[in-house]
Every structure is written in structure tokens, then in C-alpha cells.
Amino acid sequence: MGIMAASRPLSRFWEWGKNIVCVGRNYADHVREMRSAVLSEPVLFLKPSTAYAPEGSPIIMPAYTRNLHHELELGVVMGKRCRAVPEAAAMDYVGGYALCLDMTARDVQDECKKKGLPWTLAKSFTASCPVSAFVPKEKIPDPHKLKLWLKVNGELRQEGETASMIFSIPYIISYVSKIITLEEGDIILTGTPKGVGPVKENDEIEAGIHGLVSMRFKVEKPEY
């Protein structure tokens, strides 16, 4: 293990991982909820690494939105560099998992969709990617057999099973790696089940992967 590797544990991927690649429309019930079309290929968008909000830091509501939504997602953390990986080999490149929230300025996204503009303002702001503790790959023999849940102020809002994904994790890794070279510490957010909805200042979001990990975040207004 070199000096670099020792100072960059995968368990703290959010401190040094570069890319956050997000897959949209990967649960049919959420596609219906958003009145979107199911597509034959995944929709991809990116968040900058400064979008990471580890537990203990707040979710910051951008000043320009009046409708901030939670989207609960399973994140796949890459354990090594991969480029144009075939689906059959894709899981060999996974280092572990984390639960993530894809915080979305829904009113801004609706405007972007109407104008045919990119979703950057709606998806990529500071603290728009809250993450849980890292879950090593060994603890999740099959990532398609997980139950995800999210509560706002103690009330259950989202519940989903990764078995309902439209595109499987190996398919997604292969697809993404043909477009974007993935590196160790990068993460792929694999889409959200139905039940997305608004949060406001001082709300507490609690979320988990059933039996494995949970996390808690408070929503705050920015200081600027």
C-alpha cells in the first residue's frame, strides 16, 4: 500500500473521490410519479464533489429554490478505475456502497425541463449529495436485494426495493464506464423510488438501508 493509498481510505470516499454520476428514471414507480417516459437508456447527470455532505453536516437549501425535494438512492462506490467495462465484469470494480440523497430543487428542475436546459442548478448545488457511512462490498452480497427507507420528521416518506430498478447495477456501471472513465472513490447514484417530496428549513431527514446503515440530516438555510 503506497502513501497515497494509506491516506485515502475508500471508507472516506467523499473526502477525495472525484466524480458523482447520477442515474435518473431508474424506478418505474418514480417515473410514473414524475409523469416522465421510461427510456431505453439511463439518463445521466453529474454532481460536483463539493456536493458531498457527510453525516454531521447539514443539507443546505439553496436560496433560489422554494421546493427542495429528497430523492433516496443507493450509491455504488468504485473500488478501482474502470473504462468501458463489460457488464459481466462490472461488479469486480465495486468497492462498496453508501446511501445517498439526491437533493433536487424541483421548481428549478421543472423550469429547466420546460426550456430544455441542463439540470445543473437543480441538482448540483453545494451539499446536494448527503452520504451515509461507507458499507463494504462484503456486507452486501446482492445489491439488488436491499430495502431503502426515508423519513422526514419521523414520518415515512420513501420506501423502495432495489429489486425494482429498471437498469441493473452491472448494466449501469458498464454503460457509464463507456462514457465516463470511473476512478477509485467515484460514486454512482442509481436512482430513486417513488415518494419524493419537499423538505423545509429545520426538517430532519432520516434514511437507511434496512439492516445495514442509517443516517440523519438537518435541513438549513444558507448563510449567504
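All heavy atoms count here, side chains included; hydrogens, waters and symmetry mates do not. Given the structure is predicted, the values throughout are model-derived calculations rather than measurements.
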How far apart are the C-alpha atoms of E204 and K218, what are their side-chain angles, what is the distance that settles it, and do they pass the salt bridge (charged side-chain N to carboxylate O under 4.0 Å, His left out) test? CA-CA 5 Å; E204 188 173 70; K218 198 157 181 200; over 6 Å; no
Report the C-alpha distance between N19 and D186 in whole Å, list the side-chain angles of each, state the deciding distance to 0.1 Å, and finish with yes or no for side chain to side chain donor-acceptor pair (under 3.5 Å). CA-CA 5 Å; N19 296 304; D186 285 355; 3.0 Å; yes
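We find that D203 and K200 are joined by a salt bridge, their nearest charged nitrogen and carboxylate oxygen being less than 4.0 Å apart. The existence of a salt bridge linking R81 and E183 is confirmed by a sub-4.0 Å separation between a basic side-chain nitrogen and an acidic carboxylate oxygen.
Of the candidates L146, N26, V135, L146 is the only one forming a side chain to side chain contact (heavy atoms under 4.5 Å, CB included) with L74. Across H70, H30, K151, a single residue satisfies side-chain hydrogen bond (donor to acceptor under 3.5 Å, both in side chains) together with Q158, and that is H70.
To the nearest 0.5 Å, atoms OG (S57) and OH (Y52) are separated by 13.0 Å. For the atom pair NZ of K147 and CD1 of I209, the computed distance is 13.0 Å after rounding to the nearest 0.5 Å. Here OG of S49 is found 12.0 Å from CZ of F13. Values are rounded to the nearest 0.5 Å. From I188, atom CD1 reaches atom CG of L182 across 5.0 Å, with rounding to the nearest 0.5 Å. Taken to the nearest 0.5 Å, the OG1 atom of T181 stands 10.0 Å off from the NZ atom of K18. Going from atom CG of L117 over to atom CD of Q109 covers 12.0 Å, rounded to the nearest 0.5 Å.
Donor-acceptor pairing under 3.5 Å is recorded for the side chains of K123 and T104.
Under a 3.5 Å cut-off, the side chain of E55 and the backbone N or O of F217 do not form any donor-acceptor pair. Between the side chain of E73 and the backbone N or O of G191, at least one donor-acceptor pair lies under 3.5 Å. Judged purely by atom type and a 3.5 angstrom limit, S174 uses its side chain to pair as donor or acceptor with the backbone of V85. E206 places no side-chain N or O within donor-acceptor distance of the main-chain N or O of S214, the cut-off being under 3.5 Å. Distance alone, capped at 3.5 Å, is enough to place a donor-acceptor pair between the S177 side chain and the A84 backbone. No donor-acceptor pair closer than 3.5 Å links the side chain of W16 to the backbone N or O of L10.
Considering only heavy atoms from C-beta on, R157 stays 4.5 Å or farther from I205 through its side chain. By the 4.5 Å heavy-atom criterion applied to side chains, E15 and P54 are not counted as neighbours. The shortest side-chain heavy-atom distance between V196 and R106 falls under the 4.5 Å cut-off. Within the 4.5 Å cutoff, the side chain of I173 has heavy atoms near those of the M78 side chain. Between Y97 and T162, the closest side-chain pair of non-hydrogen atoms is not below 4.5 Å. Side-chain contact between T65 and F125: absent, with no pair of heavy atoms (C-beta onward) separated by less than 4.5 Å. When side chains are defined from C-beta on, E159 does not count as touching H210, because their heavy atoms never get closer than 4.5 Å. Residues I20 and C22 meet the side-chain proximity criterion, which asks for heavy atoms closer than 4.5 Å.
Both L72 and M61 sit in one connected hydrophobic cluster of ILVMFWY residues. Membership requires side-chain heavy atoms under 4.5 Å apart, directly or through other members. Cluster annotation: L150 and I59 are assigned to the same hydrophobic cluster (Ile/Leu/Val/Met/Phe/Trp/Tyr, side-chain heavy-atom contacts under 4.5 Å, transitive). Note: the hydrophobic cluster containing I179 does not contain L189 (ILVMFWY, side chain heavy atoms under 4.5 Å, direct or indirect links).
Applying the ring-ring contact (aromatic ring centres under 6.0 Å, His included) definition to pairs two or more places apart or across chains, those involving residues 132-177 are F167-Y171.
Applying the 6.0 Å contact sphere to NZ of K194 captures no more than 12 heavy atoms from other residues, nucleotides or ligands.
Counting all heavy atoms, side chain and backbone alike, V23 lies closest to P42 at CG1-CB, 3.9 Å.
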